[in-house]
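Have a look at the structure below, then the notes.
Note that the structure is predicted; figures quoted are calculated from it, not measured. The chains referred to below are lettered A, B, ... by the order of the sequence lines, with proteins before strands, and numbering in each begins at 1.
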There are 2 protein chains.
Amino acid sequence: MKRPSFRQQMLLAREQAIVACVNRLLSEKGYDQMTVDEVAAEVGIAKASLYKHFPSKEALAAAAMIHVLDRALGYVKNLLTEKRKPSEQLHKLVGWVMLQSLEGEMPSLPAQNSALRETLGANRDYMDKLMELSEYLGNWITSAQKAKELNPKLPPEVVLYTLFARACDPVLQVLKMGGQYSNEQICDYLLTTCFEGLRY
Amino acid sequence: MKRPSFRQQMLLAREQAIVACVNRLLSEKGYDQMTVDEVAAEVGIAKASLYKHFPSKEALAAAAMIHVLDRALGYVKNLLTEKRKPSEQLHKLVGWVMLQSLEGEMPSLPAQNSALRETLGANRDYMDKLMELSEYLGNWITSAQKAKELNPKLPPEVVLYTLFARACDPVLQVLKMGGQYSNEQICDYLLTTCFEGLRY
DNA sequence: GTCTATATAGCGATAGAC
DNA sequence: GTCTATCGCTATATAGAC
């Protein structure tokens, strides 16, 4: 009985290829500009086959988001093994996500598309992982605020949303397209504006 | 010969109504989710009539952007009559734009839609006004950096893009939808994160 | 310039053979 | 599960009467 297992592996591999492709396209062109035909073409299968794996375009986006949440959670758990100040953990995490964005590995969905938001909100897997990540970050944030590493006057949720937003800031792409800074340099600048602000 | 002038005024008023409507819809739903049918319906004219005024959906977006650039330039010129430190001028301007965003008066276009970006780039009026605004801001930025009011280690263009991005930050809408802070409070928080950073 | 009605096209999703 | 072919809808844009 080797064949079924083998086939399952093939399927899994194919789905991973699909998710990787969606990831890149979402990062490059965004949700609205990405077409399902395009995804199928780049993966190298027919569109109907794609729909056997994922029931809708929104499901494709959800799978991509779940994938990045998994990677982010993995990075966070690695950070936890190293002993650092909470603000430094946050700093490292945001820097890592910024680099992912610059390398086209970080999809970002439009905040304004309500239909998509509903689909994501109804997705258990996605919501669970988003919650889990938010709790890790929330703990770091409140700890950092108690230790006066981060501004304690800001509500923790404001800090949380700000970190999420800065990690996929459009300024990253703009500076990258300008072409005069390395990815590391861009991350450096934006980490400065995020944590230190523009003020001297 | 009163009639032609009168009619022209009617036309102008209608176009202003169109632009105002596009402004609001772009702010609420974004470019991709906004439909031309919707614009026509809300203005109260037929879609074909709309196309007599503006040749395309992209032209509608361009008109909306030009309108907000005009308003921003007006605000900037007003600021110039008051004597303030450059960093304070920037602070006031960003705060004003943030408030406009929260009140649904500030359209923001997707940075990823390349066709739209080309159309805007080819639009003289838009580009001229964008340049003019950028020059005012650029002067304030370099002055503020020389006076050590803003971080001089950041390239001025990084500061410029950051200010543009923070002025229509998605975090604004997220916090507004949360519903637990007033618009003024939200602006206050985000101005803090922008200029002072998250660090204490 | 305004309208109704329609052309045109792109895209998400599906049918049905293999 | 994979394919080809197609449906069905939506949205931009236009034709043509008034």
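Evaluation of the salt bridge (charged side-chain N to carboxylate O under 4.0 Å, His left out) test over residues 120-134 of chain B, restricted to residues two or more places apart or in two chains, returns B:Asp70-B:Lys129, B:Lys77-B:Glu132, B:Asp125-B:Lys129. Pairs passing the side-chain hydrogen bond (donor to acceptor under 3.5 Å, both in side chains) check and including a residue from residues 46-58 of chain B, sequence neighbours excluded, read B:Glu15-B:His53, B:Asp37-B:Lys47, B:Glu58-B:Thr119. The salt bridge (charged side-chain N to carboxylate O under 4.0 Å, His left out) pairs that include a residue from residues 190-200 of chain B are A:Glu196-B:Arg199, A:Arg199-B:Glu196, where partners are two or more places apart or lie in different chains. Each side-chain hydrogen bond (donor to acceptor under 3.5 Å, both in side chains) pair with one or both residues in residues 142-151 of chain B, not counting sequence neighbours, appears once here: B:Ser87-B:Glu149. Counting only residues at least two apart or on different chains, the ring pair (Phe, Tyr, Trp, His ring centres under 6.0 Å) pairs with a member in residues 77-107 of chain B are B:Tyr75-B:Trp96, B:His91-B:Phe195.
Across the protein-nucleic acid pair, B:Phe54 atom CZ and C:dG1 atom C1' stand 14 Å apart, rounded to whole Å. Following rounding to the nearest Å, A:Leu116 (CG) and C:dG12 (P) show an atom-to-atom distance of 13 Å. For the pair A:Met34 CE and C:dG10 P, the interatomic distance rounds to 18 Å; values are reported in whole Å. The distance from atom CZ of B:Phe6 to atom C1' of C:dG1 is 14 Å, rounded to the nearest whole Å. The distance between atom CD of B:Gln33 and atom C1' of D:dA11, rounded to the nearest whole Å, is 12 Å. Separating the CG atom of A:Leu11 from the P atom of D:dG1 is a distance of 5 Å, rounded to the nearest angstrom. Following rounding to the nearest Å, B:Asp32 (CG) and D:dT10 (C1') show an atom-to-atom distance of 14 Å. The NE2 atom of A:His53 sits 7 Å away from the P atom of D:dG1 (whole-angstrom rounding).
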Protein-proximity profile, nucleotides 13-18 of chain C, B/S/- by nucleotide at the 4.0 Å heavy-atom cutoff, equals BBB---

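Residues satisfying the side chain to side chain donor-acceptor pair (under 3.5 Å) test with A:Arg14, not counting sequence neighbours, are none. Every residue meeting the side chain to side chain donor-acceptor pair (under 3.5 Å) condition with B:Glu42, not counting sequence neighbours, appears here in chain and number order: B:Arg24. Partners of B:Lys29 under the salt bridge (charged side-chain N to carboxylate O under 4.0 Å, His left out) rule, at least two apart in sequence or in another chain, are B:Glu38.
With the end axes of the helix from C:dG1-D:dC18 to C:dC18-D:dG1 each set by five pairs, the angle from one to the other reads 20° at 10° resolution.
The CG atom of A:Leu116 sits 5.0 Å away from the OH atom of A:Tyr31 when rounded to the nearest 0.5 Å. Taking CG of A:Asn183 as the reference point, atom CG of A:Leu99 lies at 6.0 Å (rounded to 0.5 Å). Note that the CG atom of B:Asn23 and the CD atom of B:Glu105 stand 6.5 Å from one another [nearest 0.5 Å]. Between the OH atom of A:Tyr126 and the CG atom of A:Leu120 there is a distance of 5.0 Å, given to the nearest 0.5 Å. A distance of 8.0 Å separates CG in B:Leu190 from CG in B:Leu102, rounded to the nearest 0.5 Å. To the nearest 0.5 angstrom, B:Thr162 atom OG1 is 10.0 Å from B:Glu157 atom CD.
Of the candidates D:dT12, C:dT2, D:dC3, D:dT12 carries the atom nearest the B:Thr35 side chain, counting heavy atoms from C-beta on.
Less than 4.0 Å separates DNA chain C from no heavy atom of any residue of residues 59-66 of chain B. For the segment residues 13-29 of chain B, the set of residues with a heavy atom within less than 4.0 Å of an atom of DNA chain D is empty.
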